[in-house]
Amino acid sequence: MGKIKKADALALVLLFIVVGISHAGGIAIYWGQNGKEGTLSEACGTGRYTHVNIAFLNKFGNGQTPEMNLAGHCNPATNSCTKFSAEIKDCQSKGIKVLLSIGGGIGSYSLASVEDARNVSTFLWNTFLGGKSTSRPLGDAVLDGIDFDIEQGSTQNYDHLARFLKAYSNVGKRVYLAAAPQCPIPDRFLATALDTGLFDFVWVQFYNNPPCHYANGNITNLVNSWNRWTSTVPAGKIFLGLPAAPAAAGSGFVPADVVTSQILPVIKQSPKYGGVMLWSRFFDVQNGYSTSIIGSV
Ligand SMILES: *[C@@H]1O[C@H](CO)[C@@H](O)[C@H](O)[C@H]1NC(C)=O
Ligand SMILES: *[C@@H]1O[C@H](CO)[C@@H](O)[C@H](O)[C@H]1NC(C)=O
């Protein structure tokens, strides 16, 4: 009897060790670039997402009047996107963080100077965060933060934008900062900003980048890249960014069973592991990807 108890105790200790090195994560999703992906409330109502990035504010900086683009969902110019204010609050009431994503693949944006970065930060604070403006395209809902998806234009001054935005955390509720760099290190547009160490969530795009994405059954490049991100880039949590369907990216789609059986068990050992990011809600609805992987995230 004494022997069995000892064995039980040992098994329990081993179990704690195994649980201790595997970290639970969440799923971040991009919403906003396809009118056929359903509403924000529907996305949040699935219970599968912990973070929603509203995409995109795709025109800003260099003295331009900023513009948001939410595809077929609504038209910011006629103020029809304010209907999402209640949905944002609904998502937040479920504990989901809702961020505005700035940048994207199509648009016109850059930060011409430190002063320009300061102006854009003031605009973002007043228009989408805790500040006040007569023109708030998403209504009076106060978003949880700003996601940097910078893929074109100048590489300059995003570190300043990050500092100015983070400083608003001292004014009102915490402003979360997120970024969606490409997997090669250093990221051309975001490396300097990431070096500030101010980013809470970094969802790395492990796709469209053969040197660091999955291909032909081989996870080596992706896992090696993940290890470089988690060991060299200062960030709160790092997420595995993936296409939610083959059509969601040019290359780098990873079948769900490969993610759950081969990749997640390895990358979850990092204390920096935050979960999985998916592009996008539209493709996730089509493909059921988050449903397939959520049990292992
Ligand atoms: C910043 O904003 C101020 C006040 O609106 C304006 O006078 C100035 O020209 C702006 N600077 C830049 C670089 O856009
Ligand atoms: C997987 O990719 C790595 C890196 O390119 C390579 O060294 C390795 O041989 C590949 N493994 C297989 C089984 O093809």
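Numbering of residues begins at 1 and proceeds along the displayed sequence. Ligands are counted one by one from 1 in listed order, and the atoms in each one are counted from 1 as well.
Ring-plane geometry between His51 and Phe201 is classed as perpendicular, the angle between the planes exceeding 60 degrees on a 0 to 90 degree scale with a lower cut at 30. The aromatic rings of Phe56 and Tyr30 lie tilted to each other, with the angle between the two planes from 30° to 60°.
The other members of the hydrophobic cluster of Val114, by chain and number, are Phe164 (side-chain heavy atoms under 4.5 Å, ILVMFWY only).
A side-chain donor-acceptor contact under 3.5 Å links Glu37 and His73.
Residues of the protein with a heavy atom under 4.0 Å from ligand 2 are Asn218, Thr220, Asn221, listed by chain and number.
Evaluation of the ring-ring contact (aromatic ring centres under 6.0 Å, His included) test over residues 137-162, restricted to residues two or more places apart or in two chains, returns Phe148-Phe199.
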Review item, side-chain donor-acceptor pairs of residues 101-108, under 3.5 Å, at least two apart:
{"residue": "Ser101", "atom": "OG", "partner": "Asp147", "partner atom": "OD2", "Å": "2.7"}
{"residue": "Ser108", "atom": "OG", "partner": "Gln64", "partner atom": "OE1", "Å": "2.8"}
{"residue": "Ser108", "atom": "OG", "partner": "Gln64", "partner atom": "NE2", "Å": "3.4"}

